[in-house]
Amino acid sequence: MRKFLLVCALFLAALAPLPAAAALQVDVTQGNAQPLPIAIPDMISADPSQAQLGANIAGVIRADLDRSGLFKSIDPRAFVEHINNINVAPTFASWRAINAQGLVAGQVTLQPDGRLKVEFRLWDVFGESQMLGQQFFTQPENWRRVAHLVSDAIYERITGEKGYFDTRIVFISESGPALKRIKRLAVMDEDGANPIFLTRGDYLVLTPRFNPTAQMIAYMSYIATKPHVYLFDLETGRQEELGNFPNMTFSPRFSPDGNRVALTLENGGNSDIYVMDLRSRAVQRLTTDPAIDSAPSFSPDGRQITFESDRGGTKQIYVMNADGSGQRRISFGAGENGTPVWSPRGDLIAFTKQQGSHFTIGVMRTDGSGERMITNAYHDEGPTWAPNGRVLMFTREASNNRGSQIYSVDVTGRNELRVMTPGDASDPAWSPLIQ
Amino acid sequence: MKTFSSTLKFAALSAALLLGACTHKQEAVNTAPPPAAPPPAPMAAPVTSSIMPGSVQDFKVNVGDTVHFALNQYNIEDNDKGTLSKQAAWLARYPSVRLTVEGHADERGTREYNLALGARRANAVKEALVAQGVAAGRLETVSYGKERPICTESSEDCWSQNRRGVSVIVGGANS
């Protein structure tokens, strides 16, 4: 199952003296207000048999950066200069002429040992300086992954924020008519490439979530008489029931260190939040209220948990310490609010707001202030954060059970895009950056 | 992938189960149209076509396997108490029968909240049956949240049909 091979990155020596400060930068907090024009020619190759690979890699980088909404790749047909040696500085004037502010010149080389070398330099066209130079070595079949690594490097160098392109999404693939819906556990790359189905669809599966190494998935399965939380090990393909609970367990989420799973246990019709230590298998009960307490999500420092509860009469968002103490309501806006998910940056909680039959995604600060809705459709629910805390994915359901799709949106509410999946899909969960 | 045929089998089985759940909804609280009259028996049908007492079919047709709930609620409605009394009486008559009570929610709730809500509803049906003398050990519960609708429109009529508790015989019935 595991097919990520080691990729090593080396920094290429700069060809030109670095300026005192790079002029080329993007403020990610503004969303896609003014995408930065960037030229990314097909990567060159000394060997014509590698030319297609060079074009494919550049194509993935262009698509990644365009999808972020922060960049606008320039149509290669507009290029004036043809790059034929990445180790000499480009003719900056010919890139300024097409208003490129950044230029990515890259080269692919098949090494004698069968590995692929991918090297690139990022140029500040107006500052006439090299901003970044790196090379990667990997197996040729990993070319997409290298392209995402290059995208992440460019994104980070220009925005000052970590990228999120070398990540995966675990989700539920849906097929069949509304009354006979078939749901399968699946993973894919962040851009929708390389989808892999992990279950066959002969039993219902829901709400998968990655652990911090993206090697383990916690999810809910109806494979046995009672639905329970299971763990799926991507490396071995092994599935195991998490714990030995007599009743339904659901709504799992890993702690940021990966050593614990918070989940909901139903007992006699009442749902409460528990946390299990994965090494000792010790279980600690965190809520005891006779109302529904569910959907726990850890803060990135692991010290707090946000969750949903209807103890106040309607479903609202609460925060507690990771030992269950200090439970307090934080959502006081309109409607009912649930599925809280703590941002990996720690600054915001994303959630689903329900007003009548209308469901939208919003964010609020962790004390409940500053509530802001970032989507508007018939039914959006279940947000998940990109590891840099700048982008969210969520499930969008059409009315009349006409199916679900996964969408992404910038935390500013801009740049809403459908994530391409094989057929209908729901319950996305974003992996951390792959290590 | 290679699982296509098993997927088809699964779909066919679900269809059969859902048909069973839909066809005999006699005690609906909403204004759903009345069940269609059964088609006339073919002339050549055997005379002994009646439903066998103590069978799954007997339970569904002559007792009623479904009760309904108000939005976000899980208390048993007054007009469903008769159905649960009939279920308890029937279970007293057929003491080897075992049930799983399914709790379901409509689409107007998030996935995880609806799983919890469905558990509340399934448990409410179970408790009502136990209160009328059914041994708790004969009753299991399972929540499907909003995952198993029987009606697909985004309308109050459909939602009220989907908010339901269904008593499903899992063993011990005559066949």
Side-chain angles (χ1 to χ4, degrees), chain A residues 175-184 197 199-204 206-207 220 222 225-227 247-248 250-251 264 266-272 291-296 308 310 314-315 336-339 351-352 354 356-359 378-379 381-382 395 397-402 426-427, chain B residues 1-4 6-19 21-22 71-72 74 100-101 103 106-127 136 140-156 158-159 162 170:
Chain A
S175 56
L179 295 184
K180 302 181 228 169
R181 211 72 176 138
I182 294 165
K183 295 198 172 190
R184 302 165 74 185
F197 297 102
T199 62
R200 296 152 40 112
D202 41 1
Y203 48 87
L204 180 61
L206 299 170
T207 62
M220 183 195 191
Y222 284 72
T225 318
K226 281 273 184 188
N247 293 311
M248 173 171 76
F250 59 108
S251 200
T264 310
E266 176 264 321
N267 188 16
N270 183 36
S271 295
D272 277 305
I292 289 176
D293 298 318
S294 185
E308 66 183 32
D310 65 1
T314 60
K315 181 181 61 184
E336 299 201 51
N337 300 284
T339 70
F351 63 97
T352 306
Q354 178 181 354
S357 54
H358 188 216
F359 288 64
Y378 174 71
H379 187 131
E381 79 167 87
T395 303
E397 278 176 39
S399 62
N400 298 310
N401 278 272
R402 284 172 295 127
S426 56
D427 289 4
Chain B
M1 294 177 86
K2 64 183 180 339
T3 59
F4 195 63
S6 67
T7 299
L8 284 179
K9 257 183 262 170
F10 173 80
L13 179 62
S14 300
L17 290 172
L18 286 163
L19 279 174
C22 285
L71 177 64
N72 278 341
Y74 60 103
T100 291
V101 182
D106 69 25
E107 70 188 26
R108 287 175 303 166
T110 49
R111 197 175 314 289
E112 289 159 314
Y113 184 82
N114 278 353
L115 287 168
L117 181 57
R120 274 177 167 172
R121 288 173 176 165
N123 194 67
V125 171
K126 176 180 172 177
E127 284 187 349
E140 285 291 334
T141 58
V142 64
S143 173
Y144 283 101
K146 59 178 172 178
E147 304 304 316
R148 291 284 180 262
I150 56 173
C151 188
T152 59
E153 285 161 32
S154 295
S155 65
E156 180 48 44
C158 252
W159 292 329
N162 289 334
V170 293

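Just so it is clear: chains get the letters A, B, ... in the order the sequence lines come, proteins before strands, and each one is counted from 1.
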Measure the shortest side-chain to side-chain distance between Ser154(B) and His379(A) over non-hydrogen atoms and say whether it is less than 4.5 angstrom.
no
Considering all heavy atoms of both residues, which atom of Asn123(B) and which atom of Gly268(A) are nearest to each other, and what is their separation?
ND2-O, 2.8 Å
Using the rule side chain to side chain contact (heavy atoms under 4.5 Å, CB included), only one of Lys146(B), Glu107(B), Glu153(B) pairs with Asn401(A); which is it?
Glu107(B)
Here the gap from Thr264(A) atom OG1 to Tyr113(B) atom OH, rounded to the nearest 0.5 Å, amounts to 12.5 Å
Between Asn247(A), Asp310(A), Asp293(A), Thr352(A), which has the largest tally of heavy atom pairs under 4.5 Å with chain B?
Asp310(A)
Which atoms of Ala291(A) are under 4.5 Å from chain B, going by heavy atoms: the side chain, the backbone, both sets, or neither?
both
Selection from Thr395(A), Thr339(A), Ile292(A) maximising heavy-atom pairs under 4.5 Å formed with chain B:
Ile292(A)
Part of Tyr144(B) lying under 4.5 Å from any heavy atom of chain A
both
Heavy-atom side-chain proximity of Lys226(A) to Thr141(B) below 4.5 angstrom:
yes
Minimal heavy-atom distance between Phe250(A) and Glu112(B), with the atoms involved, is CE1-O, 3.4 Å
Of the listed residues (Thr110(B), Asn72(B), Val170(B)), which shares the most heavy-atom pairs with chain A below a 4.5 Å separation?
Thr110(B)
If you look at every heavy atom in Pro149(B) and Leu179(A), which pair is closest and at what distance?
O-CD2, 3.1 Å
Is there a side chain to side chain contact (heavy atoms under 4.5 Å, CB included) between Arg108(B) and Gln354(A) once you walk through the steps?
CA-CA 8 Å; Arg108(B) 287 175 303 166; Gln354(A) 178 181 354; 4.1 Å; yes
Which atoms of His358(A) come close to chain B, meaning under 4.5 Å heavy atom to heavy atom: side chain ones, backbone ones, both, or neither?
neither
Measure Ser294(A) against the heavy atoms of chain B and call it side chain, backbone, both or neither at under 4.5 Å.
side chain
Close side-chain approach of Glu140(B) to Thr225(A), heavy-atom, < 4.5 Å:
no
CE-OG distance between Met248(A) and Ser143(B), expressed to the nearest 0.5 angstrom
4.5 Å
Are side-chain heavy atoms of Leu115(B) and Ser251(A) found at a separation under 4.5 Å?
no
Please state whether the side chain, the backbone, both or neither of Ala116(B) comes within less than 4.5 Å of a heavy atom of chain A.
both
Under 4.5 Å, counting heavy-atom pairs only, tell me which of Asn270(A), Thr314(A), Thr207(A), Leu206(A) racks up the most with chain B.
Leu206(A)
If you tally heavy-atom pairs under 4.5 Å against chain B, which of Lys183(A), Lys315(A), Glu397(A) wins?
Lys315(A)
What is the minimum heavy-atom distance between Gly269(A) and Arg120(B), and which atoms define it?
O-CG, 3.2 Å
